[in-house]
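Here the structure is laid out as structure tokens; the discussion comes afterwards.
The figures that follow rest on heavy atoms only: side chains count, while hydrogens, waters and symmetry mates do not.
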Amino acid sequence: MAGLIDMKVAKANLRVELVKQILAELEKSNSTFRSSRQLSEYIADKMTELGEPIDGSTLRRANSQYKDLIDTYIGKKSGKESSSLALAKDLKLRKKQQKISELQYQINEMSNEVKDKEREIQMLLVEAQERNNLALSTIAPPKASTYRKSELVELKAENENITKQLKTALVVINRMISDAGNTYEIGESSVTDLLAEETLFTKASLPDFFQ
């Protein structure tokens, strides 16, 4: 989730920079436009030519950075920009900066939650592997002939209990991975942590997970 938010913020920032560049070129050429709508449609066409297609209505959307830039350009050219408008824009900017800070805090909180889940998964993996090893060791005792019937019954019961617990642990691990959104990639023989860019566990270490 945190990665998706970063991508959206990066795309929005790229578009803002393109709008600024186009307006800077228009400023140098002393170009004028009758209205914000006419200017926004011109910028939309230029951005499409530059490989970043966008609709003019998006550039005119209320409370967007694009609209602020376009309105400022039109205001400068028409000489009608007032001090009250400048104050209003400053207030909008402050609100946007506050919103960015709030989003960053949420991203940090989500990152911490993901790290906590990773630690829980690692602990479950270790426990599951230990149980799996114990179960394998009881399937074929090296000296089965020396075991009494009652001991074999106990071993079988213990093995069934360990197998049941292992299946439960696998269900929990799978649920935690699902709850973490798109931060993990489950392949045919491994599970990868996309945020840390490392393998969480493989089929060799936990074969039951991939069955």
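To the nearest 0.5 Å, atoms CD1 (I22) and CG (L69) are separated by 11.0 Å. Atoms CD1 and OG1, from I74 and T32 in turn, are 8.5 Å apart once rounded to the nearest 0.5 Å. Distance CG/L18 to CD/E52: 6.5 Å, rounded to 0.5 Å. In this structure, OG1 on T72 lies 9.5 Å from NZ on K67, to the nearest 0.5 angstrom. L26 CG to Y73 OH: the interatomic distance, rounded to the nearest 0.5 Å, is 4.5 Å. Put simply, CG on L39 and CG on D71 are 9.0 Å apart, with the number rounded to the nearest 0.5 Å.
Between R60 and I70, the closest side-chain pair of non-hydrogen atoms is not below 4.5 Å. The shortest distance between side-chain heavy atoms of Q65 and R15 does not fall below 4.5 Å.
In terms of heavy-atom proximity, A44 sits nearest to G56 at CB-N, 3.8 Å. Listed here is the closest heavy atom pair of L23 and I43: CD2-CD1, 3.8 Å. Y66 approaches T58 most closely through the heavy-atom pair CD1-O, 3.9 Å.
Under the side-chain contact (heavy atoms from CB on, under 4.5 Å) criterion, Q38 pairs with F33, R34, S35, sequence neighbours left out.
One N or O on the side chain of S64 and one on the backbone of R61 form a donor-acceptor pair closer than 3.5 Å.
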Would K46 and E25 count as a salt bridge (charged side-chain N to carboxylate O under 4.0 Å, His left out) here? Give the steps. CA-CA 11 Å; K46 292 293 291 183; E25 293 173 0; 5.2 Å; no
